[in-house]
Amino acid sequence: MSIDGVTDFWDKLLGAQPDPPGLLVLLTALAGLLAVAFRPVWRVARNAVTIAHEGGHALFALLTGRRLRGIRLEFDTSGLTLSSGRPTGPGMMLTLLGGYIAPSLVGLLGAWLLGGNRITLLLWLAVVLLLLMLINIRNLFGVLSLVVTGAIVFAVSWYASPQVQAVFAYAGVWFLLFGGVRPVFELQSLRGRGRMPDSDADQLARASHVPAIFWVGFFLIVNLVALVVGAFLLAGQWLPVGTS
């Protein structure tokens, strides 16, 4: 690739795209909400939330000095991230915390990038993160999930028009912002029926001697704050500024 080609690539990657139409922001928000609220769609789309969830566990494990042993993504949209290190202490607690808040925090980061019209950069960062996660996948379905997801994101970022990229990016970010909230309610529902005795919240309770319901509430508050802030960043693209 020539120097001019490299320069063009970086300009495309780091450059800002035009402001999206207000209707696009609104319609993609509605699409993201419906994908989370409509159970048949959620059953499939939830895989994206699981990828972010397990990626959150993996990232916090690495950041706290734990050794990442592998990640599994299952057909039923469940997942498992294994790491080695001290079974108690701040590192283990942060690793456990990372799962349920990760989708919302990823959505918030995406909203911040979209607020600066960095649509292409957002899509390429998603591809890079998926590739890094793929290295640590330990089952076939997990590999297929990440390869297919990464291929879709890459194809949109490389071949699609700016308008299609904008629709894809906004819909994905809205979905993560909304999709980070629903699993917390599902978690508590399953816990209430005694079906998740080893959930992240229950493991945190045993590690911290603080009731599991506190950690469920913590997940919910973080994700709702991320949703509100993310919605503000995205809505700033089309709401009038400076009006009373």
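Everything numeric here is computed off the predicted structure, so don't read it as measured data.
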Rounded to the nearest 0.5 Å, what separates atom [atom1] in [X] from atom [atom2] in [Y]?
{"X": "L96", "Y": "F60", "atom1": "CG", "atom2": "CZ", "value": "11.5 Å"}
{"X": "L105", "Y": "N223", "atom1": "CG", "atom2": "CG", "value": "7.0 Å"}
{"X": "R67", "Y": "S83", "atom1": "CZ", "atom2": "OG", "value": "11.0 Å"}
{"X": "M133", "Y": "I51", "atom1": "CE", "atom2": "CD1", "value": "6.0 Å"}
{"X": "R72", "Y": "E54", "atom1": "CZ", "atom2": "CD", "value": "11.0 Å"}
{"X": "Q165", "Y": "T120", "atom1": "CD", "atom2": "OG1", "value": "4.5 Å"}

Does a side-chain heavy-atom distance below 4.5 Å link [X] with [Y]?
{"X": "L109", "Y": "L122", "value": "no"}
{"X": "F185", "Y": "L220", "value": "yes"}
{"X": "L234", "Y": "L177", "value": "yes"}
{"X": "L108", "Y": "L233", "value": "yes"}
{"X": "V181", "Y": "V36", "value": "no"}
{"X": "L30", "Y": "W174", "value": "no"}
{"X": "L190", "Y": "S199", "value": "no"}
{"X": "V49", "Y": "F175", "value": "yes"}

Closest non-hydrogen atom pair between [X] and [Y], with its separation:
{"X": "P211", "Y": "A205", "value": "C-CB, 4.0 Å"}
{"X": "M93", "Y": "S208", "value": "CE-CB, 3.6 Å"}
{"X": "S157", "Y": "L123", "value": "CB-CB, 3.7 Å"}
{"X": "R138", "Y": "R69", "value": "NE-O, 3.6 Å"}
{"X": "P103", "Y": "G180", "value": "CB-CA, 4.2 Å"}
{"X": "V173", "Y": "G107", "value": "CG1-O, 3.3 Å"}

Exercise. Step through the shown structure and confirm whether more than 12 heavy atoms of other residues, nucleotides or ligands are within 6.0 Å of CZ on R193.
Key: yes
Quiz item: Got a sec: does the CZ of F141 have more than 12 other heavy atoms crowding it under 6.0 Å?
Solution: yes
Specify whether [X] and [Y] have parallel, tilted or perpendicular ring planes, treating 30° as the upper limit for parallel and 60° as the lower limit for perpendicular.
{"X": "Y100", "Y": "F219", "result": "parallel"}
{"X": "H57", "Y": "H53", "result": "perpendicular"}
{"X": "F218", "Y": "W215", "result": "perpendicular"}

Is there a path of hydrophobic side-chain contacts, each under 4.5 Å between heavy atoms, that joins [X] and [Y]?
{"X": "I152", "Y": "V167", "value": "yes"}
{"X": "V164", "Y": "W124", "value": "no"}
{"X": "W42", "Y": "F75", "value": "no"}
{"X": "V228", "Y": "V106", "value": "no"}
{"X": "Y159", "Y": "V148", "value": "yes"}

Quiz item: Can you tell me if R66 uses its side chain to pair, donor with acceptor, with the backbone of T64 under 3.5 Å?
Solution: no
Quiz item: Would a distance-only check, ignoring hydrogens and angles, find a side-chain to backbone donor-acceptor pair under 3.5 Å from T50 to T77?
Solution: yes
Quiz item: Of D202, D198, D200, which meets salt bridge (charged side-chain N to carboxylate O under 4.0 Å, His left out) against R191?
Solution: D202
Self-check item: Test item: side-chain donor near acceptor, R206 and Q203, under 3.5 Å
Solution: no
Quiz item: Taking NZ, NE, NH1 and NH2 as the nitrogens, is one of them in D76 or R46 under 4.0 Å from a carboxylate oxygen of the other?
Solution: no
